[in-house]
Structures are given as C-alpha cells and as structure tokens.
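Encoded as structure tokens, the structure appears first; notes follow it.
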Protein chains: 2
Amino acid sequence: MSNDLLKLENQICFKIYSAEREITRLYRDLLQELNVTYPQYLVLLLLWEKDSLSVKELGKRLFLDSGTLTPMLKRMESNGLVERKRSVEDERSVIITLTEKGEALKEKAACIPNQLTQNMAMTKEELIHLSHTLTSMLDVLQNQSNSE
Amino acid sequence: MSNDLLKLENQICFKIYSAEREITRLYRDLLQELNVTYPQYLVLLLLWEKDSLSVKELGKRLFLDSGTLTPMLKRMESNGLVERKRSVEDERSVIITLTEKGEALKEKAACIPNQLTQNMAMTKEELIHLSHTLTSMLDVLQNQSNSE
DNA sequence: TAAAATTAAATTGTGTACAATATAAATAAT
DNA sequence: ATTATTTATATTGTACACAATTTAATTTTA
C-alpha cells in the first residue's frame, strides 16, 4: 500500500475525530439555553418522536451501553426532563418517559437544526453525499463490532 | 428550509458522532498491544515526526487544551513513553520529548494504518472525496470557533 | 522600571464513553 | 419444579474533553 494512502487514512480518522468535537461544540452553544448536552439532546430527539422507551431501546438506537446511559438518564431525571420507572411487565427493564418540562423543550429546540445547518455551510448535494459515505462506512464498522 | 434537509443534517451530525466512536473502537483494538489510547497515539504521531514539542504546540495541532493534555501527558509519562520538562528559555512552557520506549513504539505501530485502512473498506476515491468534504467542513467550523 | 496585561500550564468540576463486573429478574433446560 | 443461562440495568474504575479559574512567568505599557 502506498504511503500516501496510509497518511490519507490517518488524516481522515483525525478529521472525523476533530469534526465530532467541532459539531459537539456547535451544539453546546445552541443547547446552552436548554441546559442539555448533545448526547442528552439525542435522547430527547428519540423521546419526542416516541415517548416511553426502555434504556435498552435507547442504547440500541444510540449505540450506547448502560454504563453511559444510566448516569446520563439520572442526570436528566434530576434536571426534571425525564422519569425513570421499572417496567411492570418486566422488572429488569427501566422505562424512560418525558416529563412536562422535557416535552416542553421540544418547542424551544425547534430552531436548532436550522441554525446548525447554517453553521455547517454545506450545499444540499454535499450533505447528501457525505451522508451516504458515512452510512456505508458505519455499516461496515458497526457490523464488524456486532459480529465479534 | 425543508424538513428533509433538517432531518438530513440531524442524521449527519449523529453519523459523525457515531463514526468517531467506531473509529476510536477500531484504534482501541489495534492500539491495545501498545497500551496507548487513540488520543495518546495522536500525540505519539506528532512526536515521531518531530520530537520535542511544547504542550502548547501539541494543543494547537490536536485542538486540545491543557485541561485535556496535562493529565494525558502525565499518564504517558508515568507509562514511560515521554518526558515533561520546563523549557529553559521560557519557564512557562513544558517541553514533551520521547523516551527510548516511546521512540521504540514507532516500529510496533508501523502496521496500524494498514490494518485500519483494511477495516474501513473504502476505495481510494471515496477516501479522497471524504477527506476533501471533511476538510472544507472543518475549515468553516474551526474558523467559527477561533473567531469568537 | 514598576504596574498592567498577556501567555502557558495546571487545577477543579462536570459530563460523557466504555471495559469489566455485579445484581436481580426472566427464560430455558434438565 | 429446580437449576442453569440469559437478559436488563447498575456499579466501578479509567480516560478523555472542556469550561472556568488559578498560578507563575513573560511582555507590554505607562
């Protein structure tokens, strides 16, 4: 393999690593008013779409385990955004539901995607192509980690 | 703006967030033998290229501040990979240099980019295009954060 | 040159991530 | 039905990441 290609791949990984932090920073600014972090916002997005999800379901959708989710959901609970209740049918499961305050944040958050897209300053074509590239990359990477 | 576009942008940010973690996981597996993390590997890459860099210089290249670097470099020091010494010319600066052990890891790490590229399973054309897209995105985002 | 401003690291505190392990509930197997 | 296995969370410990503040050294400025 050419040295150029090795360097290129190194650069791409570093760029993805850097891009993730830049995007998190963008969201941090926009989410400051809502007093939530980007991962917490991701949880809210799922709950706004369909309230009442188990920790397991959230973890499956966000690719996060209970070691990350449990303390995060407890923080969201103590901030009054969600409630955590053991499922009646299956006492192993914990069901997360939105409080009124958590539900109400949806309106406040409505402007965020718009602002973010403006900050990213990419054409629709670029966005679509990038999305496709990342999807095929994730398909490969996530299948690797699931089939271990 | 169309709702599709808003959703698309949401998805892209989440994909970048997910891709970063998948790549970190790939590196975690490959770097396990070297007993370093991906951010530590990034520091080593810079030092292997040019030994003796200040914390400030490392932070500038990696977009990390002393709050992240100081404890990380201390861990690398206690693992015997680098040395930390106050600069003689400017006592505010701390200069990081490789130990023999840190220098020796370079050989062991030689196979990593190759293995990683195989795992990413992308064509050279895709890699180049992705690199360009991320570069222009980072140019915009990082200039925003620097010009605040 | 003495005071003010700037700079480079370090420190403190909060919030992810994740490996490894523990715990308790549900399901499968004998 | 009892035991074994699996499953869903929780816990523990390590390592980033970053905002905010502190400390000490260097420059700038009055």
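Here is how names work: the chains are called A, B, and so on, in the same order as the sequence lines, proteins then strands, and each is numbered from 1. Predicted model only: the values in this text are computed from it and were never measured.
Annotation: side chain of Glu83(A) is in contact with side chain of Thr99(A) (closest heavy-atom distance under 4.5 Å). The shortest side-chain heavy-atom distance between Leu42(A) and Leu58(A) does not fall under the 4.5 Å cut-off.
In terms of phosphate contacts, Arg86(B) brings no side-chain nitrogen or oxygen within less than 4.0 Å of OP1 or OP2 of dA24(D). Residue Tyr17(A) places at least one side-chain N or O closer than 4.0 Å to OP1 or OP2 of dA17(D). Distances shorter than 4.0 Å separate some side-chain N or O of Lys74(A) from OP1 or OP2 on dT11(D). Dashed line: the shortest gap from a side-chain N or O of Thr37(B) to OP1 or OP2 of dA15(D) is not under 4.0 Å. For Thr24(A), no side-chain nitrogen or oxygen approaches OP1 or OP2 of dA17(D) to under 4.0 Å. Under 4.0 angstrom from either OP1 or OP2 of dC18(C) there lies at least one side-chain N or O belonging to Arg21(B). Between Thr70(B) and dA9(C) there is no side-chain polar atom (N or O) within less than 4.0 angstrom of OP1 or OP2. Within the structure, every side-chain polar atom (N or O) of Arg84(B) is placed at least 4.0 Å from both OP1 and OP2 of dA8(C).
Rounded to a whole Å, the CZ atom of Phe14(A) is 14 Å from the C1' atom of dA17(D). When the P atom of dA8(C) is taken as reference, atom CG of Asp90(B) falls 8 Å away, rounded to whole Å. For the pair Leu73(A) CG and dT16(C) C1', the computed distance is 12 Å after rounding to whole Å. The distance between atom CZ of Arg28(B) and atom P of dA19(C), rounded to the nearest whole Å, is 5 Å. The CG atom of Leu42(B) sits 17 Å away from the P atom of dA15(D) (whole-angstrom rounding). Taking atom CD on Gln142(A) and atom P on dC18(C), their separation rounds to 11 Å, with Å as the unit. Look at CZ on Arg25(B): it is 18 Å from C1' on dC16(D), rounded to the nearest Å.
Exactly one residue among Glu20(A), Glu22(A), Arg21(A), Arg28(A) makes a side-chain hydrogen bond (donor to acceptor under 3.5 Å, both in side chains) with Thr24(A). That residue is Glu20(A). Put simply, the residue from Leu53(B), Val43(B), Leu44(B), Leu81(B) that forms a side-chain contact (heavy atoms from CB on, under 4.5 Å) with Leu98(B) is Leu44(B).
Residue Thr68(A) places its side chain closer to dA17(C) than to any other of dA17(C), dA9(C), dT9(D). The side chain of Val94(B) lies closest to dA9(C) when the candidates are dA9(C), dC18(C), dC16(D). Listed nucleotides: dT16(C), dA10(D), dA15(D). Nearest to the side chain of Gln40(B): dA15(D). Side-chain atoms of Lys56(A) lie closest to dT9(D) of the nucleotides dT9(D), dT11(C), dA25(C). Checking dG15(C), dC18(D), dA17(C) against every side-chain atom of Asp65(B), the shortest atom distance belongs to dC18(D).
The residue among Val55(A) and Val88(B) whose nearest nucleotide of DNA chain D is located toward the 5' end is Val55(A).
For the pair Arg61(B) and Phe63(B), the cation-pi criterion (under 6.0 Å, within 45° of the ring axis) is not fulfilled.
Evaluation of atom-type donor-acceptor distances gives a pair under 3.5 Å for the side chain of Ser66(A) against the base of dA10(D). If you check distances only, the side chain of Arg92(A) never reaches the base of dT9(D) with a donor-acceptor pair under 3.5 Å.
A distance of 11.0 Å separates CD1 in Ile112(B) from CG in Asp29(B), rounded to the nearest 0.5 Å.
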